[in-house]
Enquirer: 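Got a structure here, written out as structure tokens. Questions coming.
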Amino acid sequence: MNTSLFSELNDRQRDAVTAVNGPVLVIAGAGSGKTRVLTERIAYLLREHHVSPREILAFTFTNKAAREMKERLERKTPGAAETMWVGTFHATGVRILRRHGDKIGIQRNFSIYDADDSLNLLKRILQRNAVAAYAVRSPRALRDKISRMKNGLVTPAIAQQQAAHDVDERIATLYAEYVKELERANALDFDDLIARVVELFSVCDEARVQYATRFRYVLVDEFQDTNAIQMAMIDHLSSVHHNLFVVGDDDQSIYSWRGARVEHILDFEDLYENTRVIRLEQNYRSTRTILNAANHVIAHNEGRKGKHLWTDGDVGEKIQLIAAHDEESEAVYVVQCVKRMCARGLSLKDIAILYRTNAQSRALEDVLVMSSLPYQIIGSVRFYERMEVRDILAWCKVLVNPNDTVNLRRAIHVPRRGIGKTSFEKLEEEAYQRGVSVIDVLRDGGAPVAGAPARRCAEFLKLYERLATVVANEVAPVVVERVVELTGYVKYLETNYPDGEGRVENVEEIISKASGFAEGADDPSLRGFLEEVALVADVDNLDLETGQLTLMTLHNAKGLEFDCVVVTGLEEGLFPHFNSFNDQRAIEEERRLFYVGITRARKHLVLTCVGMRRRQGQFEGGMPSRFLGELPDECLDRPQQPSVEVGVSGSRDLFGGAGTRVMRGTHDEYSQESPGDDQFSQEELSYRVGMRVRHDNFGAGVVRKVEGAGDQLRITVIFDLGSERKFLAQYAPMHPM
DNA sequence: TGGTAGAGGCTTTTT
DNA sequence: GCCTCTACCA
């Protein structure tokens, strides 16, 4: 064996790479080089064991991760990436269903329904089933319920059987109706892309054996976030060779709300006999300070396998804690901090700002615009969710699949063409009765509609047929362009929307995306394009080479790393979020999310919280997050206060000297901790580090330090006005805010 | 049929 | 605070 191949791997990593046959579970801590292990392992299989690339199947969490893995492999072993299957569960599911879906009644031109399409379909079902509709709070709630059932391998029939109450039964009825309607529309929703593969493999053993034989080696990244249905898919696909290699970290499991089961990792050894377990605990990413903080935080969780990350790297800088007055000053502070990092030699692309909820990006964005720093936001307003983009795509979808009623409904109404709701519903009813598509009804003369609307329908059909011809003969970008042109969509936007200009740009952007797609695609057809579009996540578009600052949710940051990471909004109610308050497991998941955030940072970590935050229009006071109290004191820098009160008028010179000087003070005096100081005991006290308090004489401030206990309890507070004072808690006229 | 005004709900996270 | 849905009117 050529050992020089592995000279840069540590012993454990090498074990993982070379454990060729049988089930292997790699517990890989954050920054322990798991991506490298995955790619090295594949390269090793190809080179040393003469495995053909087409015998390898690898699951990644995002399309971006898949792309990157392929690129790395292509560099190592040219030509290999082409025939290898590397992708997300959803993308792989589509691939399988396009080939073998007909075995379970799926036509090749099926539509993929995203969350919004599903919702539209469910709304119509609820309208038709008014009685059953009482069982659900909202269409959304129903969608989530159905999704959870699908991801838990619960079919409508099982749901019906298990129904304990009237309510459950009605939900099961609605679920059954939804499944039926999807089938009628020849559409699959997101969950179906996996669930129906599992169905295929259970119904058609030939298909299962074919795939499971072909894929001698199955690899799964981010294994802690697989749900039951994905697990079933993995199980089928590895059922012939049993060479299943999974990599995950139970401490980074953050998708239980999507049905992910951390038990898959915890019980893997019991599920698969003779499993080899390998633990990667050496971290190559973060400073010792950051790692220390991460280890302390995650130690508060009970439901974990337990591991201790270590590094032989530098201690590095302390973690900066910033307490701001409100979200505006938080944003200003963050931007100041970013500028300071840049002044110290970091590039904007090495910095990320992370938050719990998408809504938090707004305040940050406002300040970033003023500061003219280039930035990219991942996730808040997704390109493919914009109205104008959806309109065009609705046209495309229904052109590929005439049975796609949800998108036909949308297409027929944009632009407005004199066919109203009533007419459409008549057509739909007719189609339903006859068991054909609405397009077919139109082709037969649109029987139930008469008069002016009938003429409009005939015109619409003519337009549809004309575009359908284009679809049959042209590549995706040409079709999209003709759709825009022949529907008169640009004019429609310009006349109906005051902000039409930006929307037109988005329409042009779809065309150019289609061109970009067609250039590199095996199948440059419209269908291929729609498939790609349906499966892209926003994070797939993240470009770390553009020199921009990146903003995104903590969930989106999974798998990424930056020199400097700022986690904002560390307040009770926001992070951890309110919704998790009455569930210990949910709180632990929030903590894991925080852990993920911390471990994204290589060198610098900044944490911020505010005293006041606007929530749905209302101002709400928040206490600093309990997670801040879980950070070891010796890792922390002193809390910072914005040196300037922020108003729009005063923001011009926000980024000048005054503010930064205050922030740059030396903090040695704060880091001398009394060794007996046990931060865990602070949990029981009413004052915690980072907490906002009000003192009758000095006003509002932040608790910097808590010492002693009982009547010797001393609290050090930094006041918003700039001073710092120490009090005996029992005498001070002070209380938490 | 289509536009608009006002009410009501909502935001935790996403393939 | 913003978005979506509904009811009502032109």
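Numbered from 1 within each chain, the chains take letters A, B, ... in sequence-line order.
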Enquirer: Taking CZ from A:R143 and P from B:dT13, how many angstroms apart are they, rounded to a whole number?
Expert: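 So the CZ-P distance, A:R143 to B:dT13, works out to 12 Å.
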
Enquirer: Ring centroids only, cut at 6.0 angstrom: are A:F89 and A:F190 within range, meaning strictly under it?
Expert: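 No; A:F190 has its ring centre 6.0 Å or more from that of A:F89.
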
Enquirer: So that I know where these two stand, are A:F627 and A:H300 an aromatic pair - ring centroids less than 6.0 Å apart?
Expert: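 Distance test on ring centres: not under 6.0 Å, no.
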
Enquirer: Within this structure, what is the CZ-to-C1' distance between A:R137 and B:dC10, rounded to whole angstrom?
Expert: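 A:R137 atom CZ is separated from B:dC10 atom C1' by 11 Å.
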
Enquirer: If you only use heavy atoms from C-beta on, which nucleotide in B:dG2, B:dT13, B:dT1 is closest to the side chain of A:S423?
Expert: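 Closest nucleotide to the A:S423 side chain: B:dT1.
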
Enquirer: Describe the nucleic acid contact of A:R258 in one word from base, sugar-phosphate, nothing, applying a heavy-atom distance below 4.0 Å.
Expert: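 Touches a base.
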
Enquirer: By nearest atom, which of the nucleotides B:dC10, B:dT11, B:dT14 is closest to the A:R140 side chain?
Expert: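 The nucleotide sitting nearest to the side chain is B:dT11.
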
Enquirer: Measure CG/A:D116 against P/B:dT15 and give the value in whole Å, please.
Expert: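 My rounded result for the distance is 15 Å.
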
Enquirer: Find the distance A:H413:NE2 to B:dG2:P and express it as a whole number of Å.
Expert: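 Taking atom P of B:dG2 as the reference, NE2 of A:H413 is at 8 Å.
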
Enquirer: Output the single nucleotide from B:dT15, B:dT13, C:dT4 whose closest atom is nearest the side chain of A:K123.
Expert: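 Closest of the options to the side chain of A:K123: C:dT4.
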
Enquirer: Using atom CG of A:D144 as one end and atom C1' of B:dT15 as the other, report the distance to the nearest whole Å.
Expert: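 It works out to 14 Å between those atoms.
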
Enquirer: For B:dT1, take OP1 and OP2 only and decide whether either is under 4.0 Å from a side-chain N or O of A:T422.
Expert: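 Yes.
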
Enquirer: Hey, does the side chain of A:K558 come within less than 4.0 Å of B:dT14's phosphate (OP1/OP2), counting only N and O?
Expert: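 Answer is no, no contact under 4.0 Å.
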
Enquirer: Rounding to a whole Å, what distance do you find between A:R124:CZ and C:dC5:P?
Expert: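 In whole Å, C:dC5 P lies 14 Å from A:R124 CZ.
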
Enquirer: Rounded to whole Å, please give me the gap between CZ in A:F460 and P in B:dT1.
Expert: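 These atoms are roughly 15 Å apart.
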
Enquirer: Could you check how far CG of A:L193 sits from P of B:dT15, rounded to whole Å?
Expert: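 The distance from CG of A:L193 to P of B:dT15 comes to 13 Å, rounded to the nearest Å.
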
Enquirer: Among A:D117, A:D391, A:D404, A:N120, which one satisfies side-chain hydrogen bond (donor to acceptor under 3.5 Å, both in side chains) with A:R410?
Expert: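 It is A:D391, the one option of A:D117, A:D391, A:D404, A:N120 that forms the side-chain hydrogen bond (donor to acceptor under 3.5 Å, both in side chains) with A:R410.
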
Enquirer: Output yes if the stacking criterion (under 5.5 Å between centres, under 30° between planes) is met for A:Y255 over the base of B:dT14, else no.
Expert: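 Answer is no, no stack.
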
Enquirer: Looking only at side-chain atoms of A:H90, point me to the closest of B:dT14, B:dT15, B:dT1.
Expert: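 Shortest atom-to-atom distance from the side chain points to B:dT15.
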
Enquirer: Nearest to the side chain of A:A359, heavy atoms from C-beta on, is which of B:dT15, B:dT11, B:dT13?
Expert: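 Closest nucleotide among those given: B:dT11.
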
Enquirer: So A:I419, base contact, sugar-phosphate only, or nothing? Heavy-atom distance under 4.0 Å.
Expert: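 Sugar-phosphate contact only - A:I419 comes under 4.0 Å of backbone atoms but never of a base.
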
Enquirer: Strictly distance-based, threshold 3.5 Å: is any side-chain N or O of A:S147 a donor or acceptor partner for the main-chain N or O of A:R143?
Expert: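 No: the side chain of A:S147 does not pair with the backbone of A:R143.
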
Enquirer: What nucleotide, of B:dT14, B:dG2, B:dT11, holds the atom closest to the side chain of A:R416?
Expert: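 Output: B:dG2.
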
Enquirer: Below 4.0 angstrom from OP1 or OP2 of B:dT13, is there any side-chain N or O of A:N358?
Expert: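 Result: yes.
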
Enquirer: Backbone N or O of A:I254 within a donor-acceptor pair of the A:H555 side chain at under 3.5 Å?
Expert: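 Side chain of A:H555 to backbone of A:I254: a pair is present.
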
